[in-house]
There are 2 protein chains.
Amino acid sequence: MTESMVLGVDVGGTHIRVALVSRAGVILERGKVPTEIHRGARHASMRIAGESRRLMDKARHHGASVVGLGIGVAGKIHRARGEVIFSPNLPAMNGYPLAMELRETLRVPVVMDNDANVFGVGESWLGSGRGIPNWIGVTLGTGVGGCLVLAGELWHGDDLGFAGEVGHMNVDPQGPPCACGLRGCLEAHSSAGALLRAVSEAARGDWLGCGPLYRRWMKGNLTAEGIYLSAREGDPLARELFRRMGWGLGIVLAGLFTVLGIRHAIIGGGVSAAWDAFAGPLRVTLEQYSSFLAPEEMVVERSALGDDAALLGAAKLAWRAAERGEG
Amino acid sequence: MTESMVLGVDVGGTHIRVALVSRAGVILERGKVPTEIHRGARHASMRIAGESRRLMDKARHHGASVVGLGIGVAGKIHRARGEVIFSPNLPAMNGYPLAMELRETLRVPVVMDNDANVFGVGESWLGSGRGIPNWIGVTLGTGVGGCLVLAGELWHGDDLGFAGEVGHMNVDPQGPPCACGLRGCLEAHSSAGALLRAVSEAARGDWLGCGPLYRRWMKGNLTAEGIYLSAREGDPLARELFRRMGWGLGIVLAGLFTVLGIRHAIIGGGVSAAWDAFAGPLRVTLEQYSSFLAPEEMVVERSALGDDAALLGAAKLAWRAAERGEG
């Protein structure tokens, strides 16, 4: 009998990543191509199909066959239809029948969910969420995504296309403007976008100082990583921005622990690499604003799977659908 | 065969209320006595037992027998032990084995939960929550309590003794001081305590004006109801305080809708009687801060059961325990 494999796909604003994944969660092959969403949804869909086909061929070389594909996309997702309802980072995808097209092109079942939700499935399966029935997931990237795992399952609420969207909980109504048009969302404090906007603003206001952050800014192409390195080198503004990031996360997690009556959170996404710059202020704020829990009860951990959490979570969704004969 | 009945008990800071409740949720008899918590936990426990015994006699006159007692108490509750872990309004109850004592005195099974949680059970059973699988409950009283009903069941999280405590979610870190020692909790914006504190402060600061609120304040014994009546009579400060109450509720509900992916909330507690003074600002804020839902999708309703929600919810807990043979 041929061994079965699945594909996990993570569609980001810049890159599409694809992985060939065994039933035990081992990644056997990987692929990565630019998303180039400016060339339209059909182009991105063909990119995904192309990489997937390449890995399906690789599976055959392993003596295996691909029995399903799981895909995580940032945005509000219609899971049953396999469509992106609304994605701020991939606007061309809105309403595009991505899952159906991939199903027809690749002739395998396809399941879709939000990118932070597949992160949650991945961490629950093989990462920091293993054995923890109730936890809050936060993904720090250009924006801030999130998920809830409740009673051991990814929570989908009323199945309105979103859940766990911690990034747009309000942290401070007088806070900085957010990409969504409001002020003071978590995302406006604790995302790469927020860091970069704050530095631009400081540059315009001529209060960037003349330290590491200023030097990186002058070179152009400043990234969140550059701001992190500047913080490590002692730049006061960079340090303050990561303090604010941790503060926002602490307020939101304290509130969610209080209202959900739980005590675990897992933080992933690219910007979680700056952990040592924001985890301290996060912890201080969390302890300050948690009225019902003792400090030692609260556990906030980093993602154990890093970049692979979403790929593995998407793969797990494909496995589940294969077991149920769905997709 | 003798008909079965249960007792529902609601232990508040000022009054203990007891009801004799049929399986269909009809309240056949009621009792109400002052809590007098300053006289200690044992005294309050004996008051509950006394009223309960009186209603058990009444049950016999109805040709019925009482098969269980459910009790709701404000505070952090150890459900398995039937103990109040910590109650800000009933500090004498902390650690007191109330359920065990009532069980031994009355010789019926006794189950205990938080007062806002029994509100949730009551509204789910017979009130505004009927047929709604996922909703947030908020009880507006001296403080602000809350509950979550998820997938048709009262949510207890990690069973840490609390869940749904929306009152201590932070709404505005620069906001007014809260009884819990922090600033800007929902409770510091949207409770009777917050209303009364704000009026005292205005009186001290000499900016109470000379309208209806000032006149009521001068008479002494101002209540939340007096502030509400002043708002209805057009008092600008009273109106502003209810606007702030609605604003806080709107921020919290918007955040919870966003993170839970749900769209229903039910508001109860004594101060919800001031509905027309705060529901408008609540709605405006909710719509402003809900990035993922259209206004028409969001439903915020008043409790249908009013004061009886907690009594009926406590009774329902007793029925459930009786059916499972627990307590």
Side-chain angles (χ1 to χ4, degrees), chain A residues 76 85-86 88 114 117 132-136 146-148 150-151 153 155-175 178 180-187 247 250-252 254-264 285 288-293 297, chain B residues 76 85-86 88 114 117 132-136 146-148 150-151 153 155-175 178 180-187 247 250-252 254-264 285 288-293 297:
Chain A
K76 198 170 166 177
I85 301 168
F86 173 74
N114 171 276
N117 277 353
I132 304 176
N134 301 310
W135 57 275
I136 301 155
C147 65
L148 295 178
L150 301 180
E153 297 287 334
W155 174 255
H156 283 104
D158 286 331
D159 238 327
L160 301 166
F162 66 96
E165 291 290 352
V166 296
H168 296 285
M169 289 188 80
N170 203 281
V171 173
D172 179 1
Q174 287 93 49
C178 181
C180 74
L182 291 170
R183 296 192 82 86
C185 294
L186 176 62
E187 184 165 302
W247 176 86
I251 294 261
V252 159
L256 290 176
F257 284 175
T258 300
V259 80
L260 290 167
I262 69 176
R263 61 189 193 84
H264 285 93
T285 311
Q288 185 188 346
Y289 283 93
S290 293
S291 325
F292 290 80
L293 287 168
E297 291 180 289
Chain B
K76 200 170 164 176
I85 301 169
F86 173 74
N114 171 276
N117 278 353
I132 305 177
N134 302 310
W135 57 274
I136 301 154
C147 65
L148 294 178
L150 301 180
E153 297 288 335
W155 174 253
H156 283 104
D158 286 331
D159 238 326
L160 300 165
F162 67 95
E165 291 291 351
V166 297
H168 296 284
M169 291 189 76
N170 202 281
V171 172
D172 179 0
Q174 287 95 50
C178 183
C180 74
L182 291 169
R183 295 192 81 86
C185 294
L186 176 61
E187 183 165 302
W247 177 84
I251 294 262
V252 159
L256 290 176
F257 283 175
T258 301
V259 81
L260 290 167
I262 70 176
R263 61 188 191 84
H264 285 93
T285 312
Q288 184 187 350
Y289 284 92
S290 293
S291 323
F292 289 81
L293 286 168
E297 290 181 288

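The basis for the numbers below is simple: all heavy atoms, side chains too, and nothing from hydrogens, waters or symmetry mates. Small disclaimer: the values here were computed from a predicted structure and weren't measured. Below, chains carry the letters A, B, ... as their sequence lines are ordered, and counting in each starts from 1.
- With a 4.5 angstrom heavy-atom cutoff, Val252(A) does not touch chain B via any of its atoms.
- With a 4.5 Å cut-off on non-hydrogen atoms, Ile136(B) does not touch chain A at all.
- How far NZ of Lys76(B) is from OG of Ser291(A): 10.0 Å, rounded to the nearest 0.5 Å.
- The CZ atom of Phe162(B) sits 3.5 Å away from atom CG of Leu293(A), with the distance rounded to the nearest 0.5 Å.
- Heavy atoms closer than 4.5 Å to chain B are found nowhere in Phe86(A), neither backbone nor side chain.
- At least one side-chain heavy atom of Pro173(B) sits less than 4.5 Å from a side-chain heavy atom of Tyr289(A).
- The two residues Leu148(A) and Val259(B) have their closest heavy-atom pair at CD1-O, 3.4 Å.
- Annotation: side chain of Phe292(A) is not in contact with side chain of Leu160(B) (no heavy-atom distance under 4.5 Å).
- With chain B as the partner, the residue from Cys180(A), Gly175(A), Gly164(A), Gly184(A) showing the most heavy-atom pairs under 4.5 Å is Gly164(A).
- Note on Glu165(A), Arg263(A), Met169(A): by heavy-atom pairs under 4.5 Å with chain B, the leading option is Glu165(A).
- Atoms CD and CG, on Gln174(B) and Asp172(A) in that order, are 4.5 Å from each other to the nearest 0.5 Å.
- Using a 4.5 Å cut-off between heavy atoms, Ile262(A) touches chain B through backbone and side chain atoms alike.
- Contact annotation: the side chain of Asn134(B) approaches that of Trp155(A) to within less than 4.5 Å [non-hydrogen atoms, C-beta and beyond].
- Taken from CZ in Arg183(B) to CD in Gln288(A), the straight-line distance is 11.5 Å, to the nearest 0.5 Å.
- Looking at Ile85(A), neither its backbone nor its side chain comes within 4.5 Å of chain B, counting heavy atoms on both sides.
- Interface summary for chain A: among Thr258(B), Leu186(B), Ile251(B), the most heavy-atom pairs under 4.5 angstrom belong to Thr258(B).
- Rounded to the nearest 0.5 Å, atoms NE2 (His264(A)) and CG (Asp158(B)) are 7.0 Å apart.
- Neither the backbone nor the side chain of Trp135(A) comes within contact range of chain B; no heavy atom of the residue lies under 4.5 Å from a heavy atom of that chain.
- At least one side-chain heavy atom of Leu260(A) sits less than 4.5 Å from a side-chain heavy atom of Leu260(B).
- Here the straight-line distance linking atom NE2 of His168(B) with atom OG of Ser290(A) works out to 12.5 Å at 0.5 Å rounding.
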